[in-house]
Structure formats: structure tokens, C-alpha cells
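Worksheet: one structure, shown below.
Remember, predicted model here, so these are calculated numbers, not experimental data. Numbering starts at 1 and runs along the sequence shown.
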Amino acid sequence: MNLSPDDFALVVHSTPLVSIDLLILNAKGEVLLGYRRNRPAQDFWFVPGGRIRKNEALKDAIARITRTELGVEPASWTLQGAYDHIYQDNALGRDGINTHYVALGCRCSLPEGSAIAPDAQHAELRWWPLDELMQSPQVHINTKRYFEEAPDNQL
């Protein structure tokens with residue numbers, strides 16, 4: 001079901017959204033990040049991810065989001081935990097509406113030799129060494145929290 005922009009704005013203004021963030025590491029321990037074109041977190045490096053649709057099973061959402069954002073389905077996945085992501089803006093760019101995601105961090109592995117490609121919301125995909133990711137001001141704080149030992153926003 002696709003909501004009209006006005007209906008979606010009302011949902012974003014009134015409720016938290018549930019999303020999946022894909023925590024993908026390669027054999028070198030590097031993390032896959034995309035440079036976001038869209039709000040929220042626009043112009044930051046962030047893990048790939050997306051909203052869960054109504055009546056969509058978690059396993060189906062993970063497969064769809066991975067396929068849409070990277071062009072491949074995961075080989076395996078496990079949930080790491082739930083995190084609050086609160087932004088002062090929203091995907092529609094409407095004034096006075098912030099966004100609250102309850103993001104499910106999902107550790108995924110990709111099939112060996114997968115060719116990945118960015119979707120329209122990412123200008124580029126890049127593998128980041130973990131120490132560089134944690135130090136970079138270009139990487140969004142909500143991405144860094146997935147890799148902290150004791151993230152203060154984990155449920």
C-alpha cells in the first residue's frame with residue numbers, strides 16, 4: 001500500500017516507524033555504507049536499510065530491502081537489537097515534522113562474490129574499516145552506535 005504524501009506525513013508526525021538497518025561486514029571486517037541522497041540523514045554515510053511494510057514478515061522485509069538497496073539477497077542474517085533513531089527532519093522535507101524510527105539492526109552476510117550496486121537513494125556504496133568509520137564526521141552517529149560496545153540508545 002502506498003500512502004499519499006499527506007497521509008504519510010501524518011503517520012511520520014504521529015507514530016514511530018519500524019525499519020531494518022543492514023549491518024554488513026566483509027571478510028576484512030569492513031562495514032558497507034552508502035552515501036545518502038535522501039532525508040533523513042541526507043549527505044551522511046549510513047548503513048543500508050529501509051522501512052518494514054504493513055503485513056510484511058521480517059524475513060521478507062530483510063530480503064526485499066537487501067535486494068532493493070544492494071541488488072542481492074542476503075546469504076544469512078541475525079538480529080543485533082533495536083535502536084531509537086530520532087531525526088529533526090523527515091523524508092518529505094516538511095517543516096515541523098521530525099522522524100522517529102525504531103530501527104532493527106540486522107547483521108547480514110552476502111553470498112560469496114556478490115556484485116553490489118547502489119540504488120537511487122545512495123550516491124555511492126563503500127566498504128569502511130571500522131576504526132575509520134568510528135572516527136569520521138561523515139558517518140552518521142546512528143550508524144556508529146551499531147558498533148559501540150554499549151550504545152546508549154539500544155533497547
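- Judged by distance alone, with hydrogens and angles left aside, the side-chain atoms of Lys28 form no donor-acceptor pair with the main-chain N or O of Pro129 at under 3.5 Å.
- Counting heavy-atom neighbours within 6.0 Å of His100 NE2, excluding the residue itself, gives a total above 12.
- Taking the side chain as every heavy atom from C-beta outward, Val12 and Leu92 never approach each other to under 4.5 Å.
- Crowding of Gln135 atom CD: a count of heavy atoms from other residues, nucleotides or ligands under 6.0 Å not exceeding 12.
- Leu104 and Ile52 make their closest contact through CD1-CD1, 4.1 Å (heavy atoms, listed as atom of the first residue, atom of the second, distance).
- Side-chain contact check for Phe46 versus Asp21: some heavy-atom pair is nearer than 4.5 Å.
- If you run side-chain hydrogen bond (donor to acceptor under 3.5 Å, both in side chains) between Arg36 and each of His122, Gln42, Gln121, only Gln121 comes through.
- One finds the NZ atom of Lys59 at 13.0 Å from the CZ atom of Arg64 (value rounded to the nearest 0.5 Å).
- When all heavy atoms are compared, the tightest approach of Val139 to Thr143 is CG1-CG2, 3.8 Å.
- In the hydrophobic clustering of ILVMFWY residues, with side-chain heavy atoms under 4.5 Å counting as a link, Leu25 and Met134 come out together.
- Under the 3.5 Å distance criterion, the side-chain polar atoms of Glu73 are left unmatched by any main-chain donor or acceptor of Ala63.
- Both Leu70 and Leu58 belong to a common hydrophobic cluster when Ile, Leu, Val, Met, Phe, Trp and Tyr are linked at side-chain heavy-atom distances under 4.5 angstrom.
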**Message:** Could you go through Phe147 and Gln80, starting from their C-alpha distance and side-chain angles, then the distance that decides it, and tell me whether this counts as side chain to side chain contact (heavy atoms under 4.5 Å, CB included)?
**Reply:** CA-CA 10 Å; Phe147 304 99; Gln80 175 171 303; 5.8 Å; no

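- The shortest non-hydrogen separation linking Val72 to Ser114 is CG2-OG, 3.6 Å.
- Distance CD/Glu30 to CG/Leu133: 10.5 Å, rounded to 0.5 Å.
- When side chains are defined from C-beta on, Asn142 counts as touching Tyr87, because their heavy atoms get closer than 4.5 Å.
- Each of Ile20, Thr66, Ile62 was scored for a side chain to side chain contact (heavy atoms under 4.5 Å, CB included) with Trp77, with one residue passing: Ile62.
- One finds a salt bridge joining Arg94 and Asp6 here, because a Lys/Arg side-chain nitrogen approaches an Asp/Glu carboxylate oxygen to under 4.0 Å.
- At least one donor-acceptor pair closer than 3.5 Å links the side chain of Ser14 to the backbone N or O of Leu10.
- Here the closest non-hydrogen pair linking Arg145 and Tyr83 is O-CE2, 4.2 Å.
- Surrounding CD of Glu112 are at most 12 heavy atoms belonging to other residues, nucleotides or ligands under 6.0 Å away.
- Using a distance-only test at 3.5 Å, with no hydrogens or angles considered, no donor-acceptor pair links the side chain of Arg53 to the main chain of Ala61.
- A 4.5 Å side-chain heavy-atom check between Leu33 and Arg126 finds every atom pair outside the cut-off.
- When all heavy atoms of Asn90 and Ile97 are compared, the pair lying nearest together is ND2-O, 2.8 Å.
- Between the side chain of Thr99 and the backbone N or O of Asp89 there is at least one donor-acceptor pair closer than 3.5 Å.
- Between Ala91 and Pro40 the shortest heavy-atom distance is N-CD, 4.2 Å.
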**Request:** Any chance you could lay out the side chain to side chain contact (heavy atoms under 4.5 Å, CB included) test for Leu32 and Val47, step after step, and finish with the verdict?
**Result:** CA-CA 7 Å; Leu32 183 64; Val47 293; over 6 Å; no

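- Criterion: ILVMFWY side-chain heavy atoms under 4.5 Å apart, direct or through other members. Under it, Ile65 and Tyr101 are not part of a common hydrophobic cluster.
- In this structure, the side chains of Leu23 and Val31 stay at 4.5 Å or more apart for every pair of heavy atoms.
- Between Trp127 and Ile24, the closest side-chain pair of non-hydrogen atoms falls below 4.5 Å.
- A side chain to side chain contact (heavy atoms under 4.5 Å, CB included) with Gln138 is found for exactly one of Trp128, Phe44, Tyr35, namely Trp128.
- Hydrophobic clustering (ILVMFWY, side-chain heavy atoms < 4.5 Å, transitive): Val102 and Leu79 are in distinct clusters.
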